[in-house]
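To keep things clear, I will list the structure first and then write my remarks on it.
Position 1 is the first residue of the sequence; numbering continues from there. Excluded from the calculations below are hydrogen atoms, water molecules and symmetry mates; all remaining heavy atoms, backbone and side chain alike, are included.
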Amino acid sequence: MKANTITLLLALAGVACAGEMKLLNDHLRITVPDESEYFIIPTWTVLDRSDEQTGIIIPEGADECIDIIAEEEHCLADDDFVEGVKTAMASLNSEHNDYDIVQVGDNLVYALLREDAAGAEDAKAGKSGAPLAYAQYRHPDGTVQKFTVLLISPRPTVEVKKYREQVRQWLNSIKPGGTPLKLQERVEHLSFMKDCSVAVPVPQGYYSVVYKVDGLRLGYYGKLHKRGETDEIYCVYVSDEQIEGFREIPDGQQTTQNGTLLGKKVEWHLYQPEEGVKRAECVLPLGCRGDDVTFSEEGEDEIIYLHITIYAKDAESRANLIRQAEKITLEKTSARQ
């Protein structure tokens, strides 16, 4: 799913102070120079928080700058995290690329472009977006974060050597922040309807990523798992579009089962789009945008739909997530105030 997201740099979150900067809603921190400028980089279109991806531009307002992008991997580190990352990063090296693989303690590994590498020619030529480094960090809570360091420059030549040491210092300064990852049992809200919201219960141990776009509310609710294991996610869309993947699946390759969502009977479509992934979908109309919930597809304005998509590793996990999704309720906005 992440492969389908679009990274757009839309808005400044403000100018940061010197020293430590908060990344990923203060899940991590990094020390950067005082001329840095802090950006929120959304991964859909308009993301109202920075707990999935955060970017830093260094220095502020310069034509030539470094873009550091930190991202939550939303997975737990393997037991052989360091060796696994070092092996993966070694595969970056080829005839065109040459990286130093650096280990810092037991929790940080990064690949830093060598100044004399063939791959440095893109950076030396001032090619915008030339990669200088990649890093992976194992947080003390067991989760993994990744970093991408890019050179942004309009200049015909760039001195890679000076950036190497700066980037090395910044990456070496990565450490845990002051805010734990939100994994407690909770309820999150999505809505376009009048005076009420779709209240989504999120189980203990599940992360969430919520997107708020014109025409769409989208929440990803996923269980933390070790890298390489199948995601267990249920996605909740509140949208004026029916995003129905099951319609692309031949009838002979899917089954249906009855269920109940918001007190209404629904039909779950069950299928396996790829090996090792069990999927389920259902759609329920809520009514006209901005009006009361009528569960009708009639009206002069756009019809808003509640669409649930589930991804699971096996049939049992899928059934559990269906039961979890069917706990979704409608909640009056006034009740939350």
Notebook entry, point to check: Do Asn107 and Tyr137 pass the side-chain contact (heavy atoms from CB on, under 4.5 Å) test, and can you show the C-alpha distance, the side-chain angles, and the key distance before you say yes or no?
Noted result: CA-CA 6 Å; Asn107 295 315; Tyr137 180 77; 4.2 Å; yes
Item checked: Minimum side-chain heavy-atom gap Tyr311-Pro273 below 4.5 Å -> no
Check: With side chains defined as the heavy atoms from C-beta onward, is the minimum distance between Thr31 and Met21 less than 4.5 Å?
Finding: no
Item checked: salt bridge (charged side-chain N to carboxylate O under 4.0 Å, His left out) contacts touching residues 249-268 (sequence neighbours left out) -> none
Notebook entry, point to check: Of all residues at least two apart in sequence or in a different chain, which pass the salt bridge (Lys or Arg N to Asp or Glu O under 4.0 Å) check with Lys86?
Noted result: Glu83
Notebook entry, point to check: With under 30° as parallel and over 60° as perpendicular, where do the rings of Tyr134 and Tyr99 fit, or are they tilted in between?
Noted result: tilted
Next item on the list: Starting at CG of Leu132, measure out to CD of Gln166 and round the result to the nearest 0.5 Å.
Entry: 10.0 Å
Notebook entry, point to check: Does anything in residues 295-306 pair up under side-chain hydrogen bond (donor to acceptor under 3.5 Å, both in side chains), and if so which pairs, sequence neighbours excluded?
Noted result: Gln242-Tyr305, Arg289-Glu302, Glu297-Tyr305
Checklist line | Side-chain heavy atoms of Glu188 within contact of Ser208, under 4.5 Å | finding: yes
Note to self: Regarding Gln272 and Lys278, do their side chains bring together a donor and an acceptor under 3.5 Å, going by distance alone?
What the structure shows: yes
Note to self: Do Leu262 and Phe295 have side chains that approach each other closer than 4.5 Å (heavy atoms only, starting at C-beta)?
What the structure shows: yes
Check: Judged by atom type as modelled, is there a donor-acceptor pair below 3.5 Å linking the side chain of Arg186 to the main-chain atoms of Gln184?
Finding: yes
Item checked: Exam field: side chain Gln254 to backbone Leu270, donor-acceptor pair closer than 3.5 Å -> no
Next item on the list: Name all residues meeting the side-chain hydrogen bond (donor to acceptor under 3.5 Å, both in side chains) criterion together with Lys223; count only those two or more places apart in sequence or in a different chain, and write none if there are none.
Entry: none
Notebook entry, point to check: salt bridge (charged side-chain N to carboxylate O under 4.0 Å, His left out): which pairs involve residues 100-109, sequence neighbours left out?
Noted result: Asp100-Arg114, Asp100-Arg164
Next item on the list: Determine whether the side chains of Asp231 and His74 contain a donor N or O and an acceptor N or O closer than 3.5 Å.
Entry: no
Next item on the list: Go through His139 and Gln145 one step at a time and tell me if the side chain to side chain donor-acceptor pair (under 3.5 Å) criterion holds.
Entry: CA-CA 7 Å; His139 195 282; Gln145 295 77 40; 5.7 Å; no
Check: How close do Cys282 and Leu261 get, heavy atom to heavy atom, and via which atoms?
Finding: SG-CD2, 3.8 Å
Next item on the list: Carefully, step by step, assess Leu150 and Ile66 under the rule side-chain contact (heavy atoms from CB on, under 4.5 Å).
Entry: CA-CA 6 Å; Leu150 304 174; Ile66 301 296; over 6 Å; no
Notebook entry, point to check: Got a second to check how far Cys65's SG is from Asp67's CG, nearest 0.5 Å?
Noted result: 7.0 Å
Margin query: For a quick test of reading the model, state the closest non-hydrogen atom pair linking Leu108 to Asn172 and the distance between them.
Written below: CD2-CA, 4.3 Å
Next item on the list: Determine whether the aromatic ring centres of Tyr221 and Tyr234 lie less than 6.0 Å apart.
Entry: yes
Check: Roughly how far, to the nearest 0.5 Å, is the CD atom of Gln136 from the NZ atom of Lys146?
Finding: 7.5 Å
Next item on the list: Taking atom types as modelled, find out whether Thr143 and Glu72 have a side-chain donor-acceptor pair closer than 3.5 angstrom.
Entry: no
Margin query: Glu165: which residues meet the salt bridge (Lys or Arg N to Asp or Glu O under 4.0 Å) condition with it, sequence neighbours left out?
Written below: Arg168
Next item on the list: Please examine the side chains of Ile308 and Ile322, heavy atoms only from C-beta on, and report whether any two atoms are closer than 4.5 Å.
Entry: no
Notebook entry, point to check: Going hydrophobic residue to hydrophobic residue with side-chain gaps under 4.5 angstrom, can you get from Met193 over to Leu330?
Noted result: yes
Notebook entry, point to check: Of the non-hydrogen atoms in Leu171 and Ala133, which two are nearest, and what is the gap between them?
Noted result: CD1-CB, 4.1 Å
Checklist line | ring pair (Phe, Tyr, Trp, His ring centres under 6.0 Å): pairs with one or both residues in residues 260-281, sequence neighbours excluded | finding: Phe246-His269
Checklist line | Verdict with reasoning, Tyr237 to Thr309, per side-chain contact (heavy atoms from CB on, under 4.5 Å) | finding: CA-CA 8 Å; Tyr237 304 78; Thr309 304; 3.8 Å; yes
Next item on the list: Look up atom CD1 in Ile174 and atom CD1 in Ile30, then write down how far apart they are to the nearest 0.5 Å.
Entry: 5.0 Å
Margin query: Using every non-hydrogen atom in the two residues, find where Cys288 and Ile303 come nearest and quote the distance to one decimal.
Written below: SG-CD1, 3.8 Å
Next item on the list: Go through the steps for Tyr206 and Leu183 under the test side-chain contact (heavy atoms from CB on, under 4.5 Å), then give the verdict.
Entry: CA-CA 5 Å; Tyr206 276 63; Leu183 294 173; 5.9 Å; no
Notebook entry, point to check: Is there a donor-acceptor contact under 3.5 Å from the side chain of Thr230 to the main chain of Lys313?
Noted result: no
Item checked: Connected via hydrophobic side-chain network under 4.5 Å: Val283 and Val236 -> no
Next item on the list: Would you name the heavy atoms of Ala135 and Met89 that are closest together and state the gap between them?
Entry: CA-CE, 3.7 Å
Checklist line | Residue pairs fulfilling salt bridge (charged side-chain N to carboxylate O under 4.0 Å, His left out) with at least one residue in residues 316-327, sequence neighbours excluded | finding: none
Check: Cys196 versus Val293: any side-chain heavy-atom pair under 4.5 Å?
Finding: yes
Next item on the list: Could you tell me whether the side chain of Val109 reaches within less than 4.5 Å of the side chain of Val104, counting heavy atoms only?
Entry: no
Item checked: Non-neighbouring partners of Val187 that pass side-chain contact (heavy atoms from CB on, under 4.5 Å), sequence neighbours left out -> His189, Ala199
Next item on the list: With sequence neighbours excluded, tell me which residues meet salt bridge (Lys or Arg N to Asp or Glu O under 4.0 Å) with Asp26.
Entry: Arg29
Item checked: Nearest-0.5 Å distance, CD of residue Glu331 to OG of residue Ser197 -> 5.0 Å
Check: Taking atom types as modelled, is there a side-chain donor on Asn320 or Ser317 under 3.5 Å from an acceptor on the other?
Finding: no
Check: In chain order, what residues pass the ring pair (Phe, Tyr, Trp, His ring centres under 6.0 Å) check against Tyr110, with sequence neighbours excluded?
Finding: none
Checklist line | Distance-minimising heavy-atom pair for Thr54 and Leu24 | finding: OG1-N, 2.9 Å
Notebook entry, point to check: Do the non-hydrogen side-chain atoms of Asp141 and Leu181 ever get within less than 4.5 Å of each other?
Noted result: yes
Checklist line | Contacts of type side-chain contact (heavy atoms from CB on, under 4.5 Å), residue Lys226, not counting sequence neighbours | finding: Leu76, Asp78, Asp79, Glu229
Item checked: Atom pair CZ/CH2 of Phe147 and Trp170 - distance to nearest 0.5 Å -> 13.0 Å
Next item on the list: May I ask whether Val238 and Leu284 are part of the same hydrophobic cluster, defined by side-chain heavy atoms of I, L, V, M, F, W, Y residues being less than 4.5 angstrom apart, directly or through others?
Entry: yes
